[in-house]
K.L.:
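One structure coming up, written as structure tokens, with questions to follow.
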Amino acid sequence: MDRRIIVIGGGAAGLMAAGRAAQDGASVLLLEKMARPGRKLSITGNGRGNLTNTAPLPDFLRHFRAGSGFLRAAFGQFFSADLLALLDSIGVRAVVEEDGRVFPARGDAGDVADRLAGWARASGVTIQAGTRVTALRVEAGAIRGVEAVREGEDAARFYPAAAVILATGGASYPGTGSSGDGFRLAAAAGHTIVPPRPALVPLVTAGEVAPQLQGLSLRDARPALWIAGRKAAESGGDVLFTHYGLSGPAILRLSRDAVAALDARQPVEVRIDLFPALDDSALDARLLALLADHPRQQVHNLLGELLPERLIPVLLGLADIPPETAGGQLPAANRRRLRGLLKGLPFGVTGQRGFKEAIVTAGGVDTREIDPRTLGSRRVAGLYLAGEVLDIDADTGGFNLQAAFSTGWVAGRAAARAVREESG
Ligand SMILES: Cc1cc2nc3c(=O)[nH]c(=O)nc-3n(C[C@H](O)[C@H](O)[C@H](O)COP(=O)(O)OP(=O)(O)OC[C@H]3O[C@@H](n4cnc5c(N)ncnc54)[C@H](O)[C@@H]3O)c2cc1C
């Protein structure tokens, strides 16, 4: 019988799983459907690769929207410091930036992907790219191998294996190779799939305000998500206006809840606080002082002291204030309306940009069917699952990649041990 381990998918989780299993003495074949492994890893963090985060475990886990309890055991075996030590050993020095975000010092996620693939090969892994796995072969509740089609061929071939690690990623950014195959493969093998949804995804808004401001980025704004007329969540950081609506880290962080509400057909709104450091009365006092100090200057010019130029005509239009109004002539009602907009610029959310632009996929293989200590399937003996194919997802900040690396490492080690024990 074949003692080999097959890893499906050469992303962060798959490369780590394959390399780890090979280091533990297993014979490992990694099948990757794209022309080369690590496509998504290469574009993470705007090409700079936010690889992990230095937050201590309890804080780290708080950034997970699904899977935090499940991941505790994997993080207990291989966490951020272990990842950084491994990366250092293959020539990737890391630097820590704002909020504990860790990046490669060279600022090149593609280099990290290449070095990880190089490490896996040097550890003994055979990487066969251009090969798409189309089915898992399961007999009598145990994995026997996979069926896969090579680029340029029509027929699937059977690749026997003693263990299989499914690391096909989620369904987001399908151009990188992760197009949801893993959900179908796992479901066909008897796993429950928590319905996949785009998470960390830009939002589509109604009206002309966002398109008018297209390209403008607000630093340190505070957008709030309102669902069915109630404030559901708040977030801080940068907001980017686009031709379709809103993006930027502060919006992405709210998007998971926004998508769930949109799916439930609830009314969704984002209100952006442009002055989070000032409460209503402090902002009003600031506006009053500005107007009183320059009673003859046009409001449009006065607001230049407070706001980016491009926002001013848009806000004045929304507040029904003619731009040439003199500071001393601004009626109190219009000032209050302006203040309201500055503290909560409203955008009706009509949709989201879908898997094509989602940074991660929420949902996936139900983690209750997976042993958290080994990442082994409780449904199919010899099947292991790692990375985003599982129902785990987190905020931006390096948490998602660490989850992929940690689950990959644990699955690789456990699969190698199981195969060794069986043959021993
Ligand atoms: C634009 C963008 C930026 C991001 N930036 C960050 C960041 O800075 N920090 C962070 O922590 N996270 C980031 N993420 C999220 C992070 O990239 C993912 O969570 C992580 O890559 C998941 O790793 P994975 O190995 O599970 O899946 P993937 O990296 O998606 O790898 C899955 C692999 O499986 C292959 N595959 C799929 N189906 C098959 C099949 N049938 N047969 C063979 N192979 C198959 C795919 O081609 C792919 O190579 C970002 C995501 C995106 C889209």
Side-chain angles (χ1 to χ4, degrees), residues 1-18 20-21 24 26 28-31 66-78 133-148 158-171 178 180-196 361 363-393 403-423:
M1 190 190 162
D2 203 301
R3 306 311 319 154
R4 158 174 84 173
I5 294 175
I6 288 182
V7 177
I8 312 174
L15 287 171
M16 186 60 89
R20 177 69 252 169
D24 283 351
V28 184
L29 172 66
L30 186 154
L31 301 176
S68 63
F70 174 78
L71 284 166
R72 201 176 272 280
F75 288 156
Q77 296 176 63
F78 185 84
V133 172
T134 52
L136 304 178
R137 190 172 298 176
V138 180
E139 286 165 15
I143 199 89
R144 296 287 175 230
V146 306
E147 281 162 30
F158 176 58
Y159 293 76
V164 168
I165 301 174
L166 184 64
T168 43
S178 31
D181 291 2
F183 304 143
R184 292 183 283 277
L185 295 170
H191 276 286
T192 310
I193 309 298
V194 176
T361 304
V365 176
D366 193 329
T367 52
R368 287 173 298 187
E369 298 169 358
I370 313 294
D371 181 339
R373 290 158 307 168
T374 62
L375 279 308
S377 163
R378 298 192 209 268
R379 294 272 184 277
V380 179
L383 176 65
Y384 297 79
L385 298 94
E388 211 177 304
V389 71
L390 293 166
D391 178 21
I392 52 179
D393 69 279
F405 286 130
S406 292
T407 53
W409 193 93
V410 170
R413 188 165 77 157
R417 183 179 296 162
V419 168
R420 203 169 48 234
E421 278 168 9
E422 258 178 59
S423 50

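No hydrogens, no waters, no symmetry mates; every other heavy atom, side chains included, goes into these values. Since the model is a prediction, treat every value here as computed from it, not as a measurement.
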K.L.:
Is there any side-chain hydrogen bond (donor to acceptor under 3.5 Å, both in side chains) pair reaching into residues 186-195, and which pairs are they, with sequence neighbours excluded?
P.N.:
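For residues 186-195, and leaving out neighbouring residues, the side-chain hydrogen bond (donor to acceptor under 3.5 Å, both in side chains) pairs sorted by first residue read His191-Glu369, His191-Ser377, Thr192-Glu369.
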
K.L.:
How about Phe78 and Arg20: do any of their side-chain heavy atoms sit closer than 4.5 Å?
P.N.:
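Sidechains of Arg20 and Phe78: no contact.
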
K.L.:
Once you round to the nearest 0.5 Å, how far does CG of Leu375 lie from OG1 of Thr407?
P.N.:
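Between Leu375 CG and Thr407 OG1, I get 5.5 Å after rounding to 0.5 Å.
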
K.L.:
CG of Leu385 to CD1 of Ile370: how many Å apart, nearest 0.5 Å?
P.N.:
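Taking CG in Leu385 and CD1 in Ile370, the distance rounds to 4.5 Å.
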
K.L.:
So do the side chains of Arg4 and Pro160 get within less than 4.5 Å of each other, counting heavy atoms only?
P.N.:
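Contact flag for Arg4/Pro160 side chains = yes.
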
K.L.:
Find out whether Tyr384 and Leu166 are in side-chain contact, i.e. whether some heavy atom of one side chain is under 4.5 Å from a heavy atom of the other.
P.N.:
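No, too far: nothing below the 4.5 Å cut-off.
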
K.L.:
Would a 4.5 Å heavy-atom cut-off, applied to side chains only, mark Asp366 and Asp391 as touching?
P.N.:
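SC-SC contact between Asp366 and Asp391 ruled out.
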
K.L.:
Exactly one of Val146, Leu136, Leu30 should register a side chain to side chain contact (heavy atoms under 4.5 Å, CB included) with Ile6. Which one does?
P.N.:
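Running side chain to side chain contact (heavy atoms under 4.5 Å, CB included) over Val146, Leu136, Leu30 with Ile6 returns exactly one hit, Val146.
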
K.L.:
What residue among Ile392, Val410, Leu390 forms side chain to side chain contact (heavy atoms under 4.5 Å, CB included) with Leu71?
P.N.:
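Filter result, single survivor: Ile392.
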
K.L.:
With a 4.5 Å heavy-atom cut-off, do Val365 and Ile193 have their side chains touching?
P.N.:
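A side-chain contact exists here, since the closest heavy-atom pair is under 4.5 Å.
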
K.L.:
Taking atom CH2 of Trp409 and atom CZ of Phe75, what is their separation to the nearest 0.5 Å?
P.N.:
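Taking CH2 in Trp409 and CZ in Phe75, the distance rounds to 13.5 Å.
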
K.L.:
Can you check whether Arg378 reaches Asp371 side chain to side chain, under 4.5 Å on heavy atoms?
P.N.:
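Arg378 vs Asp371: side chains touch.
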
K.L.:
Under the ring-ring contact (aromatic ring centres under 6.0 Å, His included) test, which residues partner Tyr159, sequence neighbours left out?
P.N.:
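Partners of Tyr159 by the ring-ring contact (aromatic ring centres under 6.0 Å, His included) criterion come out as none, since no residue qualifies.
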
K.L.:
Would one find more than 12 heavy atoms of other residues, nucleotides or ligands at under 6.0 Å from atom CZ of Arg184?
P.N.:
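Yes, because the 6.0 Å sphere around CZ of Arg184 holds more than 12 heavy atoms from other groups.
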
